[in-house]
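Have a look at the structure below before the remarks.
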Amino acid sequence: MKYIFGNWKMYLDFDESNILANALLQEKFDENNLKLAIFPSALAIREVIMAMENSAFSVGAQNVSWVEKGGYTGAISAQMFLNVGSEYALVGHSERRHIFGETDEDVRKKLQACLEIGLTPVLCIGEKKEEKDSGLRNTCLQRQLAVLAGLDLKNKEILIAYEPVWAIGTGNACDPVEAEQVHHWIKEELKKYSGQEIPILYGGSVKAENVISYVSLPAIDGVLVGGASAKFETFVSIIKKVEEII
Ligand code: PGA
């Protein structure tokens with residue numbers, strides 16, 4: 001099973017999200033060997049979920065609030081996303097961490113909220129260029145994974161996305177062999193927190209031209225695609241490429 005998840009970020013407005021969702025519905029994909037999911041904006045998610053019902057695609061939220069309800073202007077809770085049919089939620093995406101100032105403690109609370117209600121979190125981790133250059137990659141990833149301590153992961157579904165910050169939206173994708181080594185390291189590190197096998201996706205400038213170099217490696221369980229997932233042609237060609245090798 002390989003995962004291809006598309007993070008539409010804030011690239012598409014309501015109409016554009018629905019147009020892309022409906023275009024994806026016209027295609028046939030290998031549902032037996034692929035796990036496909038899209039992450040539209042909060043504005044479009046309910047409409048997209050309704051369109052994608054009975055399709056190969058699951059739908060997830062890009063960000064959640066950990067409090068269920070109350071006076072939290074602008075926030076939408078994990079529970080509210082679950083209530084409209086979301087299956088997944090991205091948690092701790094680097095744009096949330098570095099543009100919106102989300103802390104590891106925020107990430108921990110969001111993970112806990114998702115796990116408690118049965119919304120599958122995709123915990124995004126990744127080092128900045130300075131951290132990589134100064135040999136602090138593993139220290140950074142270790143800190144970001146430490147939010148899993150104390151969470152009840154037993155029989156819960158969770159995924160990790162390894163997305164080096166310097167590779168996101170830059171066209172400067174991580175060398176696949178290097179990414180696989182990091183995935184191996186993450187798999188070892190995860191043994192501290194869970195006895196279960198946790199899938200790890202690679203993210204950062206994935207496109208049709210390089211996707212095979214990642215998903216053909218055993219420690220890379222799939223990809224989290226940003227920019228290239230927000231356009232019909234590029235997203236479909238990524239999925240079709242992966243279908244050729246599974
Ligand atoms: P990108 O983004 O594919 O545009 O680099 C990946 C992500 O942020 O999930």
Would you call [X] and [Y] a side-chain contact if the rule is heavy atoms closer than 4.5 Å?
X: Glu87; Y: Thr120; result: no
X: Asp13; Y: Glu16; result: yes
X: Met52; Y: Leu24; result: yes
X: Gln142; Y: Lys192; result: yes
X: Met50; Y: Arg46; result: yes
X: Ile45; Y: Pro40; result: yes
X: Asn63; Y: Glu102; result: yes
X: Tyr162; Y: Glu180; result: no

Residue pair [X] / [Y]: nearest heavy atoms and the distance that separates them:
X: Cys174; Y: Pro164; answer: CB-CG, 4.1 Å
X: Leu217; Y: Val177; answer: CD1-N, 4.4 Å
X: Ile168; Y: Ser94; answer: CD1-OG, 3.2 Å
X: Pro199; Y: Ile158; answer: CD-O, 3.6 Å
X: Gly126; Y: Gln144; answer: N-OE1, 2.8 Å
X: Leu25; Y: Ala51; answer: CD1-O, 3.3 Å

Quiz item: Hey, are Gln79 and Asn83 close enough side-chain-wise for a donor-acceptor pair under 3.5 Å?
Solution: yes
Quiz item: Without hydrogens or angle criteria, can the side chains of Ser58 and Lys35 be said to hold a donor-acceptor pair below 3.5 Å?
Solution: yes
Quiz prompt | Evaluation steps, salt bridge (Lys or Arg N to Asp or Glu O under 4.0 Å), between Lys2 and Asp30 | solution = CA-CA 11 Å; Lys2 291 287 177 184; Asp30 179 355; over 6 Å; no
Practice problem: Name all residues meeting the salt bridge (Lys or Arg N to Asp or Glu O under 4.0 Å) criterion together with Glu157; count only those two or more places apart in sequence or in a different chain, and write none if there are none. | Solution: none
Under 3.5 Å, is there a donor-acceptor pair between the side chain of [X] and the main chain of [Y]?
X: Arg108; Y: Val147; answer: no
X: Glu188; Y: His184; answer: no
X: Asn22; Y: Asn18; answer: yes
X: Asp106; Y: Thr103; answer: yes
X: Lys128; Y: Val165; answer: no

Self-check item: Residue from Leu159, Leu148, Ile198 passing side-chain contact (heavy atoms from CB on, under 4.5 Å) with Leu123
Solution: Leu148
Exercise. Determine, step by step, whether Leu119 and Ser86 satisfy the side-chain contact (heavy atoms from CB on, under 4.5 Å) criterion, reporting the C-alpha distance in whole Å, the side-chain angles of both residues, the deciding distance to 0.1 Å, and the verdict.
Key: CA-CA 7 Å; Leu119 189 63; Ser86 308; 3.8 Å; yes
Starting from [Y], can I reach [X] by hopping between I/L/V/M/F/W/Y residues whose side chains sit under 4.5 Å apart?
X: Tyr3; Y: Val242; answer: no
X: Ile49; Y: Phe81; answer: yes
X: Leu201; Y: Val182; answer: no
X: Met80; Y: Leu115; answer: yes
X: Val225; Y: Ile200; answer: yes

Quiz item: side-chain contact (heavy atoms from CB on, under 4.5 Å) between Glu130 and Asp133: does it pass, once the steps are laid out?
Solution: CA-CA 5 Å; Glu130 312 86 88; Asp133 291 347; 5.8 Å; no
Within this structure, what is the [atom1]-[atom2] distance for the pair [X] and [Y], rounded to the nearest 0.5 Å?
X: Gln62; Y: Met10; atom1: CD; atom2: CE; answer: 9.5 Å
X: Ile220; Y: Ser213; atom1: CD1; atom2: OG; answer: 8.0 Å
X: Glu131; Y: Arg143; atom1: CD; atom2: CZ; answer: 6.5 Å
X: Lys132; Y: Leu141; atom1: NZ; atom2: CG; answer: 11.5 Å
X: Ile186; Y: Asn138; atom1: CD1; atom2: CG; answer: 8.5 Å
X: Lys109; Y: Glu105; atom1: NZ; atom2: CD; answer: 5.0 Å

Self-check item: Of all pairs that satisfy ring pair (Phe, Tyr, Trp, His ring centres under 6.0 Å), the ones with a partner from residues 193-223, not counting sequence neighbours
Solution: Tyr202-Tyr214
Quiz prompt | Members sharing Tyr72's hydrophobic cluster (side chains within less than 4.5 Å) | solution = Trp66, Val67
Exercise. Please work out whether the ring planes of Phe235 and Phe57 are parallel, tilted or perpendicular, with thresholds of 30° and 60°.
Key: tilted
Check the surroundings of atom [atom1] in [X]: do more than 12 heavy atoms from other residues, nucleotides or ligands lie under 6.0 Å from it?
X: Lys241; atom1: NZ; answer: no
X: Met1; atom1: CE; answer: yes
X: Glu53; atom1: CD; answer: no
X: Lys240; atom1: NZ; answer: yes
X: Arg137; atom1: CZ; answer: yes

Self-check item: side-chain contact (heavy atoms from CB on, under 4.5 Å) assessment of Asn172 paired with Ser205
Solution: CA-CA 6 Å; Asn172 180 24; Ser205 297; 5.5 Å; no
Quiz item: Where do Ile125 and Ile160 land on the side-chain contact (heavy atoms from CB on, under 4.5 Å) test, with the steps shown first?
Solution: CA-CA 7 Å; Ile125 60 171; Ile160 305 289; 4.0 Å; yes
